[in-house]
Amino acid sequence: MGRATLTLFMSALARRTPARRVLVFFSERRAFATATHIPRPPPPTEDPPTETFSAPSKPKLYYTHPPHNDLPQIQKRWPFILAFAALGVSGWAAFLLVAMNQERLSSSVVRQILQTAREDKGLHAALGDAIRFEPTWYLNGDPWINGSINLPQGNVDVSFRLKGHRGSGTLYFTSIRKAKGQAFTPLRFKVICDDGRVVDILPQSSSVSGSQSQ
C-alpha cells in the first residue's frame with residue numbers, strides 16, 4: 001500500500017480505537033516480528049579440567065624409507081682406451097721400422113757392400129769363410145740394417161752385423177757425393193770384429209763407388 005492509504009488507515013483506526021490500544025498492537029507485532037535470535041547457553045560456572053603429562057609424549061608414526069642401495073660403480077674406461085691407443089701406435093711404429101729395414105736390406109747398395117766384403121782377404125782372415133749377414137731373432141732371421149740410404153741427396157751411411165765361421169763383427173760404410181752427376185766417394189768402409197780387430201776395406205772399394213754412381 002502507498003503512504004496515502006496507510007495514513008488514511010491510521011486515522012480511521014485512531015478514531016475507533018484508543019491510542020493506548022494502537023501502541024500495544026504495534027508493539028506486540030514488532031516484538032513478534034523481531035524475535036528470531038536463538039538464546040545463548042549460560043556460561044560455564046567451572047573451568048575445564050587441565051590434562052597433565054608425567055613423561056614425554058609418544059612420537060608419532062613416520063614413514064620409513066626403504067634401505068639405501070648403493071649404485072654399481074662404473075669402471076673407468078680411459079685406462080683401457082689409453083692402453084689400446086699406445087699399443088696401436090707402438091705396433092704402427094714397429095711396422096714402419098720393419099718396412100724401412102726391408103727396404104734398406106733389398107737395396108742394391110747393401111748387396112754390393114756385402115759382396116765387396118766377402119771378397120776381401122783381410123776380412124776372410126778375421127771372420128773366416130761363409131761371410132754373411134748375422135740374423136736377428138726379432139726379424140725372423142733377417143739382419144738389422146742401421147743408418148740411411150739417400151741416393152738422390154748423395155748420402156749413404158749404413159752399418160750391419162756380419163758373421164763367419166770364425167767370428168762376427170760390425171761393418172760400417174759411409175759414402176757421399178759432392179755434386180750431382182759425380183761419383184760417390186767412400187769415406188769409411190771397415191769391419192770391427194768382436195775380438196777388437198779392425199779390418200779396413202776402403203782401398204778395395206772401387207767397385208762399390210762405381211755401383212753407387214750408376
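Count residues from 1 along the sequence. Because only heavy atoms are used, hydrogens play no part in the values below, and waters and symmetry mates are left out as well, while side chains stay in.
Within a 6.0 Å radius of CD in E103, other residues, nucleotides and ligands contribute 12 heavy atoms or fewer. Environment of CG in N140: sparse, with no more than 12 heavy atoms of neighbouring residues, nucleotides or ligands closer than 6.0 Å.
Formation of a donor-acceptor pair under 3.5 Å by the R132 side chain with backbone atoms of A130 is found in this model. At distances below 3.5 Å, at least one donor-acceptor pair connects side-chain atoms of R111 with backbone N or O atoms of S106. Under the 3.5 Å distance criterion, the side-chain polar atoms of N101 are matched with a main-chain donor or acceptor of I145. A donor-acceptor pair under 3.5 Å links the side-chain atoms of S175 to the main chain of T185, judged by distance alone. R188 places no side-chain N or O within donor-acceptor distance of the main-chain N or O of D157, the cut-off being under 3.5 Å.
Not counting sequence neighbours, the partners of D194 by the side-chain hydrogen bond (donor to acceptor under 3.5 Å, both in side chains) test are R161.
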L127/V199 under side-chain contact (heavy atoms from CB on, under 4.5 Å): CA gap, chis, key distance, verdict: CA-CA 10 Å; L127 300 182; V199 179; over 6 Å; no
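Note that the CZ atom of F184 and the CG atom of N155 stand 8.0 Å from one another [nearest 0.5 Å]. Within the model, atoms CG of D200 and CG of D120 stand 9.0 Å from one another, a figure rounded to the nearest 0.5 Å. In this structure, OG on S159 lies 11.5 Å from NZ on K190, to the nearest 0.5 angstrom. For the atom pair Q115 CD and I131 CD1, the distance stands at 10.5 Å (nearest 0.5 Å).
The shortest heavy-atom contact between A117 and L162 is CB-CD1, 4.3 Å. Minimum interatomic distance between K163 and S168 (heavy atoms only, all atoms of both residues): CG-OG, 3.6 Å.
The cluster map of Ile, Leu, Val, Met, Phe, Trp and Tyr, joined by side-chain heavy atoms under 4.5 Å apart, puts I113 and Y172 in different clusters. Clustering ILVMFWY residues whenever any of their side-chain heavy atoms sit less than 4.5 angstrom apart, transitively, puts I201 in a cluster other than the one holding I192. Under the 4.5 Å side-chain heavy-atom criterion for Ile, Leu, Val, Met, Phe, Trp and Tyr, L105 and V98 are members of distinct hydrophobic clusters.
The list of ring pair (Phe, Tyr, Trp, His ring centres under 6.0 Å) pairs with a residue in residues 104-154, not counting sequence neighbours, reads F133-F160.
Here the side chains of V109 and L151 are in contact, with some heavy-atom distance below 4.5 Å.
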